[in-house]
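All chains are named by letter (A, B, ...) in the order of the sequence lines, taking the proteins before the strands, and each is independently numbered beginning at 1.
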Amino acid sequence: MNLTTAPRGTYDIMPQEALIWQWMEVNIREVLLAYGYGEIRTPIFEHTELFLRGIGETTDIVEKEMYTFLDKGGRSITLRPEGTAPVVRAYIQHKLHGQGGTTKLFYLGPMFRQERPQAGRFRQFHQFGVELLGEETPLADAEIILLAHDLYQHLGLTELEIYLNSVGCSECREEYKKALIASLQASSSQLCPSCLNRLERNPLRLLDCKNDSCQKVTAKTPSIHDFLCQACKEHFIQVTTLLDQANVKYEIKPRLVRGLDYYTRTVFEVVNTDLGAQNAICGGGRYDGLVKECGGPAVPGVGFASGMERLFTTLEQSGKLPVCSKAPQVYIISLTEELSNVGFKIATTLRRNGFKVELGFEVKSMKAQMKAANKSGAFICIIIGEDEWKERQVTIKNMNDGQQIRVDLPDIVDQISNLISPQGVINQ
RNA sequence: GUGGACGUAGCUCAGUUGGUUAGAGCGCCAGGUUGUGGCCCUGGAGGCCGAGGGUUCGAAUCCCUUCGUUCACCCCA
């Protein structure tokens, strides 16, 4: 074990980068709140059973990717691998269905899956997501997709693709599965081993296998759209109509199926095709059976989850990351040990007046301190030297043009205010 | 869990068919100014060449093991 390295698949967000994360979070919250969603903060771990029931026992997440352990009371605990199941649990626990109407929630935070890391995949990663509970109408599906669309738009991402499909309800999906299996069994000899396995367990997933031979086989299989029941068909058509009205471009992908068992009817992904193998930055859909499955009433739901690391990378690729600077406005240097007290006092005064101030702690040569001031990116440097201090003055230097003036101690705040406006957080 | 690629200074990387004290650029520190940054010049610090074992007179270089990183597969955001 190497104690000086973060555990596999985890990483530190350092101050400069954290500024960008804060920016992303602020913007995401802004849009979600504007759409009427309230933030919910659920625990980072839950009873393992919740995920077994919610996500589905035969999914890969549950079978091999969960961080599961026994606590000291012998309970099986799992670090949340996704956000929907915990939100649904909280929805049931707090009986939000009893308040009537719809419930609109969003979450944002770390998730955990014990997978082998690769580009765009970590063991601790971050997602935000929304859940709209209590609505069966296609308006809800459309609102969710539109929300995702507008959100990325708001962040400056205009080149993303939206893939859309319907996986039907429990009834018509069963019909389709039967037809699919029947069609595939005829040519099962040409399928890859993992697809042979999936043939029985989850034939839908076989549709997006990347293996050439499998693709040839599945290319000839029937489309789910030929099997959707009347209600599902109409639901899907209405969703697409609403998206058309809102001018949202999307691509219908009859073969888009998602890995989680709980989806019904609408499923969708938002994809950045420049991202490599892990190119989905958002995935979601309708889950009409999930609340009941988790022990609540039969309440329909629809939502999505978005991976923030992938969002970050996408923003970076598109040159949409903001320029975040942690540079101070004012850098203060003192030329002798005795004068560093004065510098400290001036720093405090300026900070309490709302200026972003950095104080050189070490009294070194003036040249060295000026270098530090320059490197900090400060707009103004305050120099406290013996000459000035004899007359209870300090030098204020504009680091851009090199101009400097001497000012009396009581006038510092006013003089600085003439040059810059407060940007710090402390305001009196 | 499986496979490929890669681990040399704080960072990005050189390092010839194995051959003395392991290099560059950037960054850092100091000096070129008695109290003035950016540009330039000079000097300096900083490496168990990921770790362990083996081959050899001699290993950063070859072999094995291990750890780590990374990309891909399975699967997924």
Distance between the C1' atoms of B:rG27 and B:rG35, in whole angstroms? 27 Å
Euclidean distance for C1', B:rC6 against B:rA51 (whole angstrom): 16 Å
Report which part of the nucleic acid A:Gly284 touches: base, sugar-phosphate, or nothing (heavy-atom distance under 4.0 Å, all strands). nothing
Which listed nucleotide (B:rA30, B:rU70, B:rA77) is nearest to the side chain of A:Arg116? B:rU70
How far does the P atom of B:rU56 sit from the matching atom of B:rU61, given to the nearest Å? 16 Å
B:rG23 -> Watson-Crick or G-U wobble partner, both distances under 3.5 Å, gives B:rC13
So what's B:rC6 paired with, Watson-Crick or G-U wobble, going by both distances under 3.5 Å? B:rG68
With rounding to whole Å, what would you report as the distance between B:rA14 and B:rA30 at their C1' atoms? 28 Å
Per-nucleotide protein contact along nucleotides 35-41 of chain B, 5' to 3', at a 4.0 Å heavy-atom cut-off (B base, S sugar-phosphate only, - neither), is BBBB---
Verify the distance criterion only: is there a donor paired with an acceptor across the side chains of A:Ser334 and A:Ser340 at less than 3.5 Å? no
Choose from B:rC71, B:rG31, B:rG68 the nucleotide whose nearest atom is closest to any side-chain atom of A:Ser365. B:rG31
Given side chains that start at C-beta, do those of A:His225 and A:Ile252 come closer than 4.5 Å, heavy atoms only? yes
Minimum heavy-atom distance between A:Phe125 and A:Pro81, given as atom pair plus value: CZ-O, 3.8 Å
For B:rC40, the Watson-Crick or wobble partner whose two distances fall under 3.5 Å: B:rG32
Roughly how far apart, to the nearest Å, are B:rG47 and B:rG10 at atom C1'? 12 Å
If B:rC73 has a Watson-Crick or G-U wobble mate with both distances under 3.5 Å, name it; if not, just say none. B:rG1
Whole-Å distance separating the CZ atom of A:Arg121 from the P atom of B:rA72: 9 Å
Could you tell me the separation between the CG atom of A:Asn279 and the P atom of B:rC76, rounded to a whole number of Å? 14 Å
Under the criterion side chain to side chain contact (heavy atoms under 4.5 Å, CB included), which of A:Leu164, A:Val167, A:Ile144, A:Asn165 is the partner of A:Thr266? A:Leu164
Rounded distance in Å - NZ (A:Lys364) to P (B:rG31): 10 Å
C1'-based separation of B:rC40 from B:rA22 [nearest Å]: 29 Å
Test item: side-chain donor near acceptor, A:Thr395 and A:Glu388, under 3.5 Å: yes
A:Tyr262 OH to B:rA77 C1', in whole Å, measures 11 Å
With rounding to the closest Å, how many angstrom separate the C1' atoms on B:rA59 and B:rU20? 14 Å
Are a donor atom and an acceptor atom from the side chains of A:Glu131 and A:Tyr287 found within less than 3.5 Å of each other? yes
How many whole angstroms separate atom OH of A:Tyr67 from atom P of B:rG1? 11 Å
Nucleotide B:rC73, atom P - distance to CD of A:Gln118 in whole Å: 6 Å
Between B:rG4 and B:rC41, how far apart are the two C1' atoms, rounded to whole Å? 48 Å
With nearest nucleotide decided by heavy atoms, which residue, A:Met308 or A:Ala119, maps closer to the 5′ end of RNA chain B? A:Ala119
Whole angstrom is fine here: how far is it from CD in A:Glu115 over to P in B:rU70? 14 Å
Would you name the heavy atoms of A:Lys356 and A:Ser325 that are closest together and state the gap between them? NZ-O, 3.7 Å
Under 3.5 Å, is there a donor-acceptor pair linking the side chains of A:Tyr152 and A:Thr314? no
For a quick check of understanding: with a heavy-atom distance under 4.0 Å over all strands, which category does A:Phe125 fall into, base, sugar-phosphate or nothing? base
Using a distance-only test with no angle check, is there a side-chain donor-acceptor pair under 3.5 angstrom linking A:Tyr11 and A:Glu309? yes
Nearest whole angstrom, please: distance from the C1' of B:rC76 to the CZ of A:Arg123. 14 Å
When the nearest nucleotide of RNA chain B is assigned to A:Pro7 and to A:Cys282 on a heavy-atom basis, which residue is associated with the more 5' position? A:Pro7
